[in-house]
Amino acid sequence: MSESTPNPLSMETLVPLCKRRGFIFQSSEIYGGINGFYDYGPLGVELRKNIKDAWWRDMVQKREDIVGLDASIIMHPNVWKASGHIDQFTDPMVDCRESKLRYRADQLFFSPVAVDGESIGYVSVMEGAGMEEEAIEKAETLKRKLAKQGNLAPLELKDYTEAKEEERALIPSPATGKPGCLTAPRDFNMMFKTYVGALQDDSSVAYLRPETAQGIFANFKNIVDTGRVKVPFGIAQIGKAFRNEITPRNFIFRSREFEQLEIEYFIPPDDDLWPKYHREWIDTRLAWFESIGIPRSRLSEDVHPAEKLSHYSRATTDISFQFPFGVQELEGIAARGDYDLKQHQEFSGKSMEYFDESRRERYVPHVIEPSLGVDRTLLALLCSAYDEDEIDGEKRVVLRFHPRVAPYKAAVFPLLKNKPPLVEKAREIFHSLQRRWNIFYDASGAIGRRYRRQDEIGTPFGITVDFDTIEKDGTVTLRDRDTTKQERMSVEDVTAFLEEKIEG
RNA sequence: GCGGGCAUAGUUUAGCGGUAAAACCCCAGCCUUCCAAGCUGGUGUCCUCGGUUCGAUUCCGAGUGCCCGCACCA
């Protein structure tokens, strides 16, 4: 669509447009705003809903092997113990006051250095392949600096979370080598905490879910028992999730409240099977992005290197999008093995085994997880759709949304507002189309202005009632957003035309 | 969380120690037979709270928000 144009959109252009046209507002703006939360206005909510509907239609309703679910946001706290979020969503962080660098305390290692039994200080290194050699080198340097003679005692590397307070004063920063400038480890738990019931004590603590996936795993047994599903099959869910991000950034890209579109696709546990399913899902998802108007040229596959994989993951491939602020993840497609179901089996004491009739055996299925952010997709759509061109020497801003996701599918105009027969006919056409789609009606201002207004909110078609419509042949003009070309067609043909463009 | 920058109308900006301006947008009306035309009218707590001052939108402090860098990001 707009692939040929360079489209050098900056966030400084997009954010005001989103506000001006009612797509996205900062949350609680009248109170000064709240960091990391956003509200969707009249057009944003339509765009959002169209993304979710398209996904649900294509991933759930049009497939025989996927069923839907809508689990609650607050679940039993043990769900998060089993999933590992209570322990591992907490990353103890350490700041270096000198270099302003930040480290994860569990990735930072230190050791006392002793020469002939006399302690001469500490060394610190970052976790990594050569960290032991690096530590020895640093210890030698320290020994030379202090002009000590003798034998270096073997180093004992421990991670920084185990450092005692008196040790922290002596441990140098790995960057500057200066002792005592590292802070104590501080916890950043990313889960929002709340209390269930009237009593606000430790027994009533609950969490807002940081991902929708666990609601699916927690219902696996229910769906297997009642859903008439057979492996391989998937469970899909759309819902809000919450993460207390340290630094929300880049508009709605990383916010503290966001919505996920997730599928857990359960497959047999054979080691040679999952790569095939993983690949299939990557291809399915890429094709879907293209079907809603995100050009393939701005999408890429990023394979997570083995050493950066999460503890549960066998392989993760991100589908990334070229945002104005860089290439960033839209969707993660992870091969999660049987980690989650096994964890819930252990913590709940309930069997998560599935009986495979065709193989006459029981197993805990493995899973492929395509996990997408609605808000990120919406931002990617806005970035893909935004374009500027020139009509008769006038600059035009146009959002070239695919008709399927466009907030309004068409706008209906009487050519002139002060001629009642035109208005009457336009209202009639508007009401008739409105029964099926979200349609805009506008009578105010010059016709050119009305077209431009619709261009800027991405309405793909304009339908104008003029004197030929009421006096001659009953045809209207249908104006195309992308080309600005018009063609005449009968009112009856308009419906078929729109249907073809939107649903076809 | 750290460092730097910024905050005036819906948007983009100007301006001043004496209660604020332009353009565009938006709304209503007039006019208008297809691409932001014209005319008339309308819409504003200078982010918040403190301090200095006779007087603060302006100077100072704190808070909040936004942007950039670092770090973090299941």
Side-chain angles (χ1 to χ4, degrees), chain A residues 10-13 15-22 25-37 41 80 83-85 88-89 91-104 107 175 183 186 188 190-191 209-214 241 243-251 253-254 256 260 262 304 308-313 316 318 325 328-329 332 334 336 339-340 369 371 390-397 413-419 422 444-456 462-469 471 476-479 481 484-486 488:
Chain A
S10 74
M11 295 307 283
E12 286 70 36
T13 307
V15 174
L17 172 70
C18 285
K19 180 173 185 186
R20 183 156 42 90
R21 291 305 188 183
F25 307 121
Q26 165 139 57
S27 172
S28 317
E29 198 186 76
I30 59 169
Y31 291 101
I34 177 166
N35 189 279
F37 297 91
W80 307 112
S83 70
H85 283 83
Q88 294 177 47
F89 226 57
D91 294 328
M93 305 301 303
V94 178
D95 289 310
C96 170
R97 296 187 192 94
E98 191 77 7
S99 65
K100 306 301 176 197
L101 293 174
R102 164 171 292 175
Y103 304 96
R104 273 175 61 165
Q107 293 177 354
T183 62
R186 284 176 287 190
F188 291 86
M190 298 178 103
M191 281 198 292
R209 65 182 175 199
E211 62 173 29
T212 57
Q214 296 306 325
R243 287 182 200 167
N244 207 351
E245 297 285 353
I246 301 164
T247 312
R249 275 288 161 93
N250 293 327
F251 199 33
F253 181 81
R254 177 176 297 127
R256 290 184 165 129
Q260 291 185 307
E262 288 197 306
H304 286 210
K308 284 190 77 180
L309 287 177
S310 316
H311 56 283
Y312 53 73
S313 181
T316 298
D318 288 345
F325 44 83
Q328 298 276 336
E329 176 189 348
R336 283 170 81 124
Y339 177 83
D340 298 276
E369 179 193 82
S371 169
E390 235 180 74
I391 305 297
D392 298 331
E394 294 267 12
K395 192 188 128 186
R396 176 176 79 140
V397 171
F413 315 115
L415 183 59
L416 300 170
K417 188 186 182 179
N418 55 356
K419 298 286 185 288
L422 292 179
S444 74
I447 190 72
R449 173 180 297 274
R450 283 179 269 163
Y451 286 146
R452 297 296 177 86
R453 264 200 290 247
Q454 295 305 313
D455 290 342
E456 209 180 17
I463 296 158
T464 303
V465 172
D466 63 11
F467 289 97
D468 283 3
T469 316
E471 287 165 3
V476 294
T477 64
L478 193 138
R479 183 251 191 197
R481 174 198 65 201
T484 76
K485 295 283 186 307
Q486 304 182 45
R488 296 206 72 93

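For the numbers below, each heavy atom of this structure counts, side chains included, while hydrogens, waters and symmetry mates do not. Residue numbering restarts at 1 for every chain, and letters A, B, ... go by the order of the sequence lines.
The side chain of Ile447(A) approaches C34(B) more closely than any other nucleotide in the set C68(B), C35(B), C34(B). Between C34(B), C70(B), G10(B), one nucleotide has an atom nearer to the side chain of Lys19(A) than all others, and that is G10(B). Ranking C68(B), C34(B), A74(B) by closeness to the Arg243(A) side chain, first place goes to A74(B). Nearest nucleotide to the side chain of Phe467(A), out of A36(B), U33(B), A74(B): U33(B). With U33(B), U11(B), A37(B) as the candidates, the nucleotide lying closest to the side chain of Pro16(A) is U11(B). Counting only heavy atoms from C-beta on, His85(A) has its side chain closest to A74(B) among C70(B), A74(B), A36(B). Relative to the side chain of Arg479(A), the nucleotides C68(B), U33(B), C35(B) differ in distance, and C35(B) lies closest.
Partners of Arg249(A) by salt bridge (Lys or Arg N to Asp or Glu O under 4.0 Å), not counting sequence neighbours: none found. Not counting sequence neighbours, the partners of Glu369(A) by the salt bridge (Lys or Arg N to Asp or Glu O under 4.0 Å) test are Arg336(A).
Rounded to an integer number of Å, the gap from CH2 of Trp80(A) to C1' of A74(B) is 11 Å. Residue Glu394(A) contributes atom CD, which lies 10 Å from atom C1' of A37(B) at whole-angstrom precision. Per the geometry, CZ belonging to Arg256(A) stands 17 Å off P belonging to C72(B), to the nearest Å. Rounded to whole Å, atom C1' of C67(B) lies 11 Å from atom CE of Met11(A). Taking atom CD of Glu12(A) as the reference point, atom P of C68(B) lies 6 Å away to the nearest angstrom.
Pairing analysis of RNA chain B (Watson-Crick: purine N1 to pyrimidine N3 plus N6-O4 or O6-N4; G-U wobble: N1-O2 and O6-N3; both under 3.5 Å) yields stems of 3 or more pairs at B:1-7 with B:64-70, B:10-13 with B:21-24, B:26-30 with B:38-42, B:47-51 with B:59-63.
Look at the C1' atom in both A23(B) and A36(B): the space between them is 14 Å, to the nearest Å. For the C1' atoms, the distance linking C46(B) with U13(B) amounts to 13 Å, nearest Å. Taking the C1' atom of each, U64(B) and C47(B) are spaced 8 Å apart, rounded to whole Å. Spacing of C1' atoms, G15(B) relative to U57(B), comes out at 10 Å, to the nearest Å. When the P atom is compared between U12(B) and C67(B), the two are found 13 Å apart, to the nearest whole Å.
At C66(B), one or more side-chain N or O atoms of Gln26(A) fall inside 4.0 Å of OP1 or OP2 (strictly under the cut-off). At the phosphate of U33(B), neither OP1 nor OP2 sits under 4.0 Å from any side-chain N or O atom of Lys419(A).
Comparing Gln260(A) and Pro248(A) against RNA chain B, the residue whose closest nucleotide sits nearer the 5' end is Pro248(A). With the nearest nucleotide of RNA chain B identified for both Arg336(A) and Lys395(A), Lys395(A) has the one nearer the 5' end.
Contact annotation: the side chain of Arg256(A) approaches that of Asn35(A) to within less than 4.5 Å [non-hydrogen atoms, C-beta and beyond].
Residue Phe251(A) is classed as a sugar-phosphate contact, given heavy-atom separations below 4.0 Å to backbone atoms only. Arg450(A) comes within contact range of no nucleotide atom at all, as no heavy-atom separation falls under 4.0 Å. As judged by a 4.0 angstrom heavy-atom cut-off over every strand, Ile391(A) is placed among residues touching the sugar-phosphate backbone only.
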Which atom pairs link the protein and nucleotides 28-31 of chain B when you take only N or O atoms and keep those under 3.5 Å?
{"residue": "G29(B)", "atom": "OP2", "partner": "Lys417(A)", "partner atom": "NZ", "Å": "2.9"}

Check: protein-nucleotides 62-64 of chain B nitrogen or oxygen pairs below 3.5 Å:
{"residue": "U64(B)", "atom": "O2'", "partner": "Gly32(A)", "partner atom": "O", "Å": "3.4"}

Anything under 3.5 Å between a protein N or O and an N or O of nucleotides 23-25 of chain B, put it in a table, one pair a line.
{"residue": "C25(B)", "atom": "OP1", "partner": "Arg449(A)", "partner atom": "NH1", "Å": "3.4"}

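The backbone N or O of Gly33(A) sits nowhere less than 3.5 Å from a side-chain atom of Gln26(A) that would complete a donor-acceptor pair. For the pair Glu329(A) (side chain) and Asp318(A) (backbone), a donor-acceptor distance under 3.5 Å is absent.
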Salt bridge (Lys or Arg N to Asp or Glu O under 4.0 Å) between Arg452(A) and Glu394(A), worked out: CA-CA 11 Å; Arg452(A) 297 296 177 86; Glu394(A) 294 267 12; 5.3 Å; no

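Below the 3.5 angstrom threshold, one finds no donor paired with an acceptor across the side chain of Thr247(A) and the base of C72(B). Scanning atom types as modelled, no donor and acceptor separated by under 3.5 angstrom connect the side chain of Asp392(A) and the base of C35(B).
For the residue pair Ser83(A) and Gln214(A), no side-chain donor N or O sits within less than 3.5 Å of a side-chain acceptor on the partner.
Between Phe325(A) and Phe251(A), a ring centre-to-centre spacing not shorter than 6.0 Å is recorded.
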